[in-house]
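Contents: one structure, followed by commentary.
Numbers here are sequence positions counted from 1.
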Amino acid sequence: IAPTGHTTLSAGITATTGTFSGLVRIGTSPYTHSTISTNAVFGASATGVAHPLAIANTADASVGDEARLSFVHDTAWSVTGYIGTQVQHATNAKTALVFGTYDAGLSQTMILDGSGKLGIGETVPLANLHVRSADGGGTAATDSDEFIIEGSGHTGMTIAGGSAHSLTISFGDSEDNNIGYMVYDNANNSMGFATNTATALTLNSSQNATFTGSVTTFSPPAGNPCL
């Protein structure tokens, strides 16, 4: 099958394997796309943007509605994964990209919302990157909302490196990209803390502390001993 224009496959029509040189339409949608849809209506595209394939959910948009591209690995299986868009705001056309996987059941495992926030294991990301293993019930502080790790029990993260190398978390600004840092040296199992790009405190493998600067002690008022 090699038509020179557009091709419409209607209900009840079957065909042998062939090549289509034009756009393929399944459903009722404009001839401006290769489209799998039902009664789709598309607005104007931005300059230089093409839509070689559109997957449309053309019902009146409601929050939570999705248009998905689904994947199946066996004819006896149900859908085993999907990529789709989800309506997040019905009146200003705010949408998210959603990703679903199958593990004893189909579920959404990742979302990139309309504001550019990425949630892994989280449907409503509270930070630019929100990684969640379980609901901890907390929220992000307004000055610490770029990255969230959330769990309902013991929660943490691991930085793993070579046995002869260092692991570093740096703090920087527009003038210095490591004005402060914490570094763990796997070679000698020591940890250092730096301020103003200089090491201020080192803890060795025996938990002995070495201070580079002065140590200020506190003198408690009489009758109030302090250890």
Side-chain angles (χ1 to χ4, degrees), residues 33 35-37 40-46 48-73 77-161 167-184:
H33 307 71
T35 307
I36 304 172
S37 67
V41 178
F42 298 91
S45 297
V49 177
H51 299 278
L53 174 65
I55 300 173
N57 177 350
T58 59
D60 291 340
S62 299
V63 174
D65 285 353
E66 295 183 9
R68 295 179 178 179
L69 173 63
S70 298
F71 305 92
V72 178
H73 288 276
W77 293 3
S78 58
V79 172
T80 55
Y82 64 84
I83 301 171
T85 60
Q86 181 187 86
V87 176
Q88 294 191 305
H89 198 291
T91 57
N92 65 3
K94 182 179 180 180
T95 62
L97 279 176
V98 292
F99 303 81
T101 57
Y102 194 96
D103 184 6
L106 186 67
S107 63
Q108 179 184 308
T109 52
M110 188 166 68
I111 183 171
L112 179 62
D113 75 8
S115 300
K117 295 179 179 179
L118 180 64
I120 301 175
E122 171 60 54
T123 58
V124 184
L126 302 177
N128 291 343
L129 175 58
H130 188 165
V131 180
R132 174 178 178 260
S133 60
D135 186 7
T139 59
T142 55
D143 61 353
S144 310
D145 59 356
E146 279 69 39
F147 177 34
I148 299 176
I149 301 173
E150 181 183 2
S152 60
H154 299 300
T155 305
M157 68 176 183
T158 299
I159 301 175
L167 312 173
T168 304
I169 298 176
S170 295
F171 306 91
D173 55 30
S174 60
E175 298 177 355
D176 196 313
N177 60 10
N178 67 340
I179 193 70
Y181 56 83
M182 298 183 294
V183 57
Y184 190 88

Got a donor-acceptor contact below 3.5 angstrom from the Thr109 side chain to the Gly100 backbone? no
Side chain Arg68, main chain Gly84, donor-acceptor under 3.5 Å: no
Spacing of [X] atom [atom1] and [Y] atom [atom2] [to the nearest 0.5 Å]:
| X | Y | atom1 | atom2 | value |
| --- | --- | --- | --- | --- |
| Thr168 | Asn178 | OG1 | CG | 9.0 Å |
| Glu122 | Met110 | CD | CE | 13.5 Å |
| Leu112 | Lys117 | CG | NZ | 12.0 Å |
| Leu97 | Thr95 | CG | OG1 | 7.0 Å |
| Tyr82 | Glu66 | OH | CD | 5.0 Å |

Do [X] and [Y] make a side-chain contact, defined as non-hydrogen atoms from C-beta onward lying under 4.5 Å apart?
| X | Y | value |
| --- | --- | --- |
| Ile111 | Gln88 | yes |
| Asn177 | Ser170 | no |
| Phe171 | Met182 | yes |
| Ile159 | Tyr184 | no |
| Thr155 | Glu150 | no |
| Asp145 | Asp143 | no |

[X] and [Y]: which non-hydrogen atoms are nearest, and at how many Å?
| X | Y | result |
| --- | --- | --- |
| Tyr102 | Ser78 | CE1-OG, 4.2 Å |
| Gly119 | Pro125 | N-CG, 3.7 Å |
| Ser133 | Gly151 | OG-CA, 3.6 Å |
| Ile148 | Ala140 | CD1-CB, 3.3 Å |
| Leu106 | Gly81 | CD1-N, 3.9 Å |
| Gly172 | Ile179 | CA-CG2, 4.1 Å |

Enclosure of Asp173 CG (heavy-atom neighbours >12, cutoff 6.0 Å): yes
